[in-house]
Protein chains: 2
Amino acid sequence: MSMNPVLVEVLRGDAVESRHTGALAIVDASGAVHTALGDVARPVFPRSAVKLLQALPLVASGAAQAFGLTDAELALACASHSGEPEHVATAAGMLAKLGLTADALECGTQWPSREPVLRGMVARGELATPLHNNCSGKHSGFVCLACHMATGARNAGTEPAEFTRGYVAAEHPVMREVSAALSAATGVDVERAPRGTDGCSIPTFALPLRSLALAFARCGTGQGLSEGHARAASRLRRAVAAAPFMVGGTDRFDTRVMQAFGERLFCKIGAEGVYCAALPELGLGVALKIDDGAARAAEAAMAAVAAALLKTEDTLLRGYSHLQLRNWRGLDVGSLRPTPVLAGLAGAAG
Amino acid sequence: MSMNPVLVEVLRGDAVESRHTGALAIVDASGAVHTALGDVARPVFPRSAVKLLQALPLVASGAAQAFGLTDAELALACASHSGEPEHVATAAGMLAKLGLTADALECGTQWPSREPVLRGMVARGELATPLHNNCSGKHSGFVCLACHMATGARNAGTEPAEFTRGYVAAEHPVMREVSAALSAATGVDVERAPRGTDGCSIPTFALPLRSLALAFARCGTGQGLSEGHARAASRLRRAVAAAPFMVGGTDRFDTRVMQAFGERLFCKIGAEGVYCAALPELGLGVALKIDDGAARAAEAAMAAVAAALLKTEDTLLRGYSHLQLRNWRGLDVGSLRPTPVLAGLAGAAG
């Protein structure tokens with residue numbers, strides 16, 4: 001197995017303390033490779049980086065329209081949110097539109113990742129619920145799709161809970177739709193891909209980075225997708241651009257970057273060092289994986305890639321690509337730094 | 001720059017999701033190399049993995065004896081503790097022996113890393129203090145050394161605070177002693193090594209893994225150290241073995257492993273994926289660095305190395321080397337696994 005190049009270094013003082021290797025694919029909607037660093041054919045679990053792809057059936061099926069989902073709700077369906085009150089209320093609102101509650105969610109209970117929110121809950125003696133799980137919006141979308149797919153049966157008197165129960169299983173009709181959307185967008189039959197169980201209990205499939213990048217190029221342009229998926233991708237990107245807080249939260253990379261760049265850049269982090277992005281104006285999709293799974297390096301690499309492709313010296317992106325590290329007394333002790341292979345991307349894009 | 005080998009893999013389902021490269025040195029007190037994986041000459045910031053070395057002057061100077069430091073207090077001086085009540089009380093007790101309080105500490109304020117402890121404090125409306133900082137014991141030891149070094153001046157009427165203030169600076173007499181102990185134990189003049197600022201604001205010096213391993217072989221055997229440092233190393237190892245809770249805390253690797261193995265194994269984690277260890281019965285020292293800085297991989301690698309060298313199939317060590325990963329619903333989703341280069345160590349040791 002070949003080694004991937006170092007993409008991000010961590011400096012302490014003037015010396016390199018740690019190194020993050022990884023692979024990066026940038027392709028257009030025809031599949032033509034713009035950039036390939038490292039092994040972009042090796043299967044990678046994309047985890048939450050493909051939530052937009054997993055939400056395509058929610059919109060394409062008509063479920064989102066039937067239940068009148070708002071921009072905020074659609075953005076939350078693509079989110080790994082921080083469990084802040086707005087996220088929790090929005091997920092609860094989606095379920096209320098179905099006549100359901102948090103009991104319908106099968107993502108498990110997770111405390112908010114946003115520390116002040118967590119501490120506020122602890123101070124008030126509150127407990128976490130599945131609504132606080134970072135995937136609660138995605139799962140509310142799955143439940144919404146389940147209810148919509150079951151409309152006929154529901155009209156015949158069956159309760160919604162009977163259709164939604166077990167929706168996280170690979171063989172459930174909802175998850176079959178989600179897997180089919182992943183296969184269609186990436187061009188890979190995910191049923192034949194290495195399979196694992198994600199943090200939120202749904203299946204996750206290991207796919208080549210170049211196929212993931214292709215999927216996001218397609219979602220950014222509509223090319224290569226069915227008409228329904230193309231419209232759904234456009235609708236979801238617009239929703240996230242309109243409500244970027246919902247996709248992450250306070251001080252989160254995806255939220256801040258999409259607040260700044262709007263529809264010019266859709267990006268989404270996944271666990272274990274994955275990032276996917278679409279840059280519609282350039283017709284490009286991006287997928288990267290930090291080999292060791294570090295989020296700090298995935299964010300730094302994504303920021304460097306976005307800055308290079310958008311030809312910007314934006315200070316927000318630079319703040320992530322060259323993140324300052326401070327210690328317990330607030331002293332600057334080091335920083336992250338993209339390596340020349342990433343820094344040289346601007347030239348490659350020129 | 002050559003790439004280090006993959007030492008630990010992260011599995012999701014049956015597929016490798018993430019990979020951690022790193023380097024490992026195992027040497028004896030003469031400097032003879034037992035095992036070298038990857039680049040063991042490249043300088044590495046050892047961070048908290050060398051707290052035992054940094055505590056040598058506390059004992060060798062006579063300060064520990066003069067102030068009547070207990071096993072628990074000496075173990076805390078070598079600790080990266082979780083900020084639990086026993087750790088906080090012990091650090092406060094050390095300072096009280098000097099007539100000082102938490103105000104003397106220059107490590108900065110840090111919330112306890114032990115989550116239930118943190119939540120209990122939040123629920124009670126308590127705030128973190130420098131005593132909760134994982135380094136508060138080490139710093140209390142530095143302050144103790146400062147007071148002892150200043151005994152003459154104190155007898156002349158100067159207040160202790162005047163000697164302790166600024167003890168984190170490289171040029172302070174205390175830090176000079178600490179740096180000299182590091183140089184003596186590792187055989188490297190740290191004043192000429194790459195320098196950074198540690199999380200607790202003292203200098204940290206980048207040193208080759210083989211030199212760090214040598215230092216711990218020396219601390220395990222006494223060979224190659226001055227008589228004072230040899231006695232101090234023995235005293236500190238005995239203290240940690242007698243009070244292993246102090247060096248880490250509830251459910252912490254170092255605490256659990258030293259509770260199980262006593263004086264057979266001294267080990268200490270450092271930030272950014274470093275581990276150092278001494279195995280006195282084998283006359284060996286160990287130093288490893290995970291390139292990307294991941295603690296999960298450093299613990300897995302250290303557990304695999306310890307099991308191989310001690311020729312044990314101990315379930316505690318195996319629980320770390322093959323750590324099970326569970327998701328928010330408690331489902332098994334994957335595990336860590338040492339690669340054959342680590343798993344093959346037993347043979348190399350035979």
Side-chain angles (χ1 to χ4, degrees), chain A residues 1 3-4 6 10-21 43-45 47 106-111 115 118-120 122-125 130 133-135 168 193-201 203-204 206 271-273 289-294 296-297 327-334, chain B residues 1 3-4 6 10-21 43-45 47 106-111 115 118-120 122-125 130 133-135 168 193-201 203-204 206 271-273 289-294 296-297 327-334:
Chain A
M1 192 187 71
M3 280 287 189
N4 288 325
V6 176
V10 182
L11 298 172
R12 181 162 297 264
D14 298 326
V16 175
E17 178 165 31
S18 297
R19 294 166 178 80
H20 297 280
T21 62
V44 160
F45 286 113
R47 310 292 300 275
E106 300 181 1
C107 50
T109 294
Q110 179 189 11
W111 286 87
E115 192 68 24
L118 184 152
R119 294 193 188 191
V122 170
R124 294 188 298 275
N133 188 304
N134 81 87
C135 297
V168 295
R195 180 185 298 192
T197 302
D198 214 326
C200 68
S201 295
T204 178
E272 291 289 329
K289 159 85 178 175
I290 302 299
D291 293 327
D292 58 75
R296 67 179 179 186
N327 75 0
W328 297 116
R329 288 172 75 191
L331 303 176
D332 276 345
V333 292
Chain B
M1 192 186 69
M3 281 286 190
N4 288 325
V6 177
V10 183
L11 298 171
R12 181 162 297 265
D14 297 328
V16 174
E17 177 165 33
S18 297
R19 293 166 179 81
H20 297 280
T21 62
V44 160
F45 286 113
R47 310 292 301 273
E106 299 180 1
C107 50
T109 294
Q110 180 190 10
W111 285 87
E115 192 68 24
L118 184 152
R119 294 193 188 189
V122 170
R124 294 188 299 274
N133 188 304
N134 81 86
C135 296
V168 295
R195 180 184 300 191
T197 302
D198 214 325
C200 67
S201 296
T204 178
E272 291 288 329
K289 159 86 179 174
I290 302 298
D291 293 328
D292 58 75
R296 65 179 180 185
N327 75 1
W328 297 116
R329 288 173 75 193
L331 304 175
D332 275 346
V333 292

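All chains are named by letter (A, B, ...) in the order of the sequence lines, taking the proteins before the strands, and each is independently numbered beginning at 1.
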- B:Ala123 versus chain A, heavy atoms under 4.5 Å apart: side chain, backbone, both or neither? both

- Query: Under 3.5 Å, side chain of A:Asp14 to main-chain N/O of B:Pro194, donor-acceptor pair present?
  - Reply: no

- SB check B:Arg47 A:Glu17 (cutoff 4.0 Å): yes

- Query: Which atoms of B:Arg12 come close to chain A, meaning under 4.5 Å heavy atom to heavy atom: side chain ones, backbone ones, both, or neither?
  - Reply: both

- Engaged part of A:Arg296 at the chain B interface, taking heavy atoms whose separation is under 4.5 Å: side chain

- When every non-hydrogen atom of B:Met3 is compared with those of A:Val6, the smallest separation belongs to CE-CG2, 3.9 Å

- Task: Only counting residues at least two apart or in another chain, list the ones meeting side-chain hydrogen bond (donor to acceptor under 3.5 Å, both in side chains) with A:Gln110.
- Result: A:Asn134

- Task: Pick one of side chain, backbone, both or neither for B:Cys107, based on which atoms fall under 4.5 Å of a heavy atom in chain A.
- Result: backbone

- Ranking B:Gly125, B:Ser201, B:Ala294 by heavy-atom pairs under 4.5 Å to chain A gives rank one to B:Ser201

- Spatial distance of atom OG1 (B:Thr197) from atom CG (A:Asp332) [nearest 0.5 Å]: 9.5 Å

- Message: Main chain of B:Asp198, side chain of A:Asn327: is a donor-acceptor contact present, judged purely on distance under 3.5 Å?
- Response: yes

- Note on the structure: Residue from B:Ile290, B:Val16, B:Leu331, B:Val122 scoring the most non-hydrogen pairs under 4.5 Å with chain A is B:Val122

- Task: Measure B:Leu11 against the heavy atoms of chain A and call it side chain, backbone, both or neither at under 4.5 Å.
- Result: neither

- Message: Taking side chain as everything from C-beta outward and backbone as N, CA, C, O, which of these in A:Asn133 sits under 4.5 Å from a heavy atom of chain B? Side chain, backbone, both or neither.
- Response: side chain

- Query: With side chains defined as the heavy atoms from C-beta onward, is the minimum distance between B:Glu115 and A:Leu118 less than 4.5 Å?
  - Reply: yes

- Residues in salt bridge (Lys or Arg N to Asp or Glu O under 4.0 Å) contact with A:Arg329, at least two apart in sequence or another chain: none

- Query: Is chain B contacted by the side chain of A:Thr109, its backbone, both, or neither, given a heavy-atom distance below 4.5 Å?
  - Reply: backbone

- Task: List the steps, then state whether side chain to side chain contact (heavy atoms under 4.5 Å, CB included) holds for A:Arg119 with B:Trp111.
- Result: CA-CA 12 Å; A:Arg119 294 193 188 191; B:Trp111 285 87; 2.8 Å; yes

- Pairs of heavy atoms under 4.5 Å with chain B: top-ranked of A:Gly13, A:Gly108, A:Pro43: A:Gly108

